[in-house]
There are 2 protein chains.
Amino acid sequence: MRLLLIEDEKELADALTAALSKQGIVIDHTMRLADAHELTRQNIYDVILLDRRLPDGEGLTFIPKLRRAGVATPIIVLTALNEPMERIEGLDGGADDYLGKPFLIAELLARLRAVLRRPANIVQPCIAVGRIVIDPLHLSVTIGATPFDLPRRELLVLVALAKRKDKTILRSTLEAAVYNYEEEIQSNALDAHISRLRKRLADASAGVAVHNIRGVGYLLREE
Amino acid sequence: MRLLLIEDEKELADALTAALSKQGIVIDHTMRLADAHELTRQNIYDVILLDRRLPDGEGLTFIPKLRRAGVATPIIVLTALNEPMERIEGLDGGADDYLGKPFLIAELLARLRAVLRRPANIVQPCIAVGRIVIDPLHLSVTIGATPFDLPRRELLVLVALAKRKDKTILRSTLEAAVYNYEEEIQSNALDAHISRLRKRLADASAGVAVHNIRGVGYLLREE
DNA sequence: CTCCCAAGGTTGCGGCAGCATTGCGATCTA
DNA sequence: TAGATCGCAATGCTGCCGCAACCTTGGGAG
């Protein structure tokens, strides 16, 4: 793990460097915001420790600059300015945590771990078929960049087919995906939905088609 | 935004509920870990506030249980146990932040914002749709440069929709975002809010519209 | 090749669930 | 106390969906 320490008190910086190094953390140390700006250009840090009162300015001003540059690295502010209002200022200024001096190294380490533990963004599994993208979690369908609205039952059919594209879905499986036990159907309602879904897909040039396997079921395929 | 408060001091809980409600936050309150476990099953909370000394156990033991259940909701520990070692214990126990009692509501709010800010939307903490800009952390809406005031419930609806613009939000999800368990509704109150929100958006030429997907839910879209 | 039948496709219709709107009274706030 | 907000409910409307009638297609038998 690599950490950027922006701190002008030499003694504290040395103590931190020593302590954190023992934890296997790689530390870059600078005393000036100008240098820090340069150092963060490559976005190699896992976390940044930031003092407020620095020779070339207020540390907090560094945060929005960093964020505007698209750097999402977590920032913990370390400072003697530890009044409640100052803490609020720091946190609302974009810091991820705020620790008043003096502090125990052990608490800093705990806060480092807490900040780094944040869950990575869970990537939503989307299904792409032809020109359409289906997000089964959000029940949304987009075609190119524009949303593609569907009635509920047709949406359910499409999602069921898309989840296993190019594979045949038994007619009975499809029915189970669209209807629950209380609303058993006694007609060709499913066929009707398929028909209307086909029309919509064709009108939108979706690049996919619903095929029928006679006597077995249906499948979704690019075309 | 919906928050779970696990706290057995009735006075503090009431004060927090009152203060946070004014910020537009929907709160569920419980005094017992057992209830909390049940309440978190549906994963509808944006953040959890957790006391340590609770009638049925140490609050910290709740965290690993939650994480094992796959719930990644940020947790802020609120407690009188505020020695450095206790803070370390809390943070290493899985808390995302740790705030000792007594504290200023304002600082709690700032820490809430800090925790909620990461990691997903660091680059874009504000949501722009049409002519309006929504800050889900501060629950503020501006249209052009002028603030766009909304009643609390309509604001909650708008924010919930805006957080996932162009995605369908289930009706049940919307209800969960706007109402807590004590204020379950038995009418079409949600529809009424949507209707009034629509009117306001139209009057202000906001450039966005709330669409309905019949039988599924609603979505926010530029127009 | 033709015929036949069953499986699938299409389409109009009517019922009704779900949605939109609005007024009213209660509650809360300034 | 005046005004804003909110839950509630009555009303009207929209369009989905099940249904069924009718059409098309595929493949096997003669």
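Note that this is a predicted model, so its numbers are computed, not measured. Values below: all heavy atoms of this structure, side chains included; hydrogens, waters and symmetry mates excluded. Chain letters run A, B, ... following the sequence lines, proteins first, then strands; residues in each count from 1.
Counting any heavy atom pair closer than 4.0 Å across all strands shown, B:R153 reaches sugar-phosphate atoms only and no base atom. Looking at heavy-atom distances under 4.0 Å, B:E183 makes no contact with the nucleic acid at all.
At least one side-chain nitrogen or oxygen of B:Y179 sits closer than 4.0 Å to the OP1 or OP2 atom of D:dG7. Distances shown here put every side-chain N or O of A:Y218 at or beyond 4.0 Å from the OP1 or OP2 atom of C:dA7.
Rounded to a whole Å, the NE2 atom of A:H211 is 15 Å from the C1' atom of C:dG9. Counting to the nearest Å, the C1' atom of C:dT27 and the CD1 atom of B:I185 are 17 Å from each other. B:K22 places its NZ atom 16 Å from the P atom of D:dT5, with the value rounded to the nearest Å. For the pair A:I169 CD1 and C:dG8 P, the computed distance is 15 Å after rounding to whole Å. The distance between atom CD of B:E182 and atom C1' of D:dC6, rounded to the nearest whole Å, is 17 Å. Between A:D149 atom CG and D:dG15 atom C1' the separation is 14 Å, expressed in whole Å.
Salt bridge absent: B:R198 and B:D191 never bring a charged side-chain N and a carboxylate O closer than 4.0 Å. Under 4.0 Å is where a charged nitrogen must lie from a carboxylate oxygen, and between A:R52 and A:E89 at least one such pair does.
The base of C:dA7 does not come close enough to the side chain of A:N212 for any donor and acceptor atom to sit less than 3.5 Å apart. Taking 3.5 Å as the limit, the base of C:dT10 and the side chain of A:N188 contain a donor-acceptor pair of atoms between them. One cannot find a donor-acceptor pair under 3.5 Å joining the base of D:dT5 and the side-chain atoms of B:R152.
A side-chain donor-acceptor contact under 3.5 Å links B:Y45 and B:D28.
Residues of residues 190-206 of chain A having a heavy atom closer than 4.0 Å to DNA chain C, listed by number: A:D191, A:A192, A:S195, A:R196, A:R198.
Counting heavy atoms from C-beta on, the side chains of A:R87 and A:P84 come closer than 4.5 Å.
In A:K101, the NZ atom is crowded: over 12 heavy atoms of neighbouring residues, nucleotides or ligands sit closer than 6.0 Å.
A cation-pi geometry, defined here as NZ or CZ lying under 6.0 Å from the six-membered ring centre and within 45° of its normal, does not hold between B:R152 and B:Y179.
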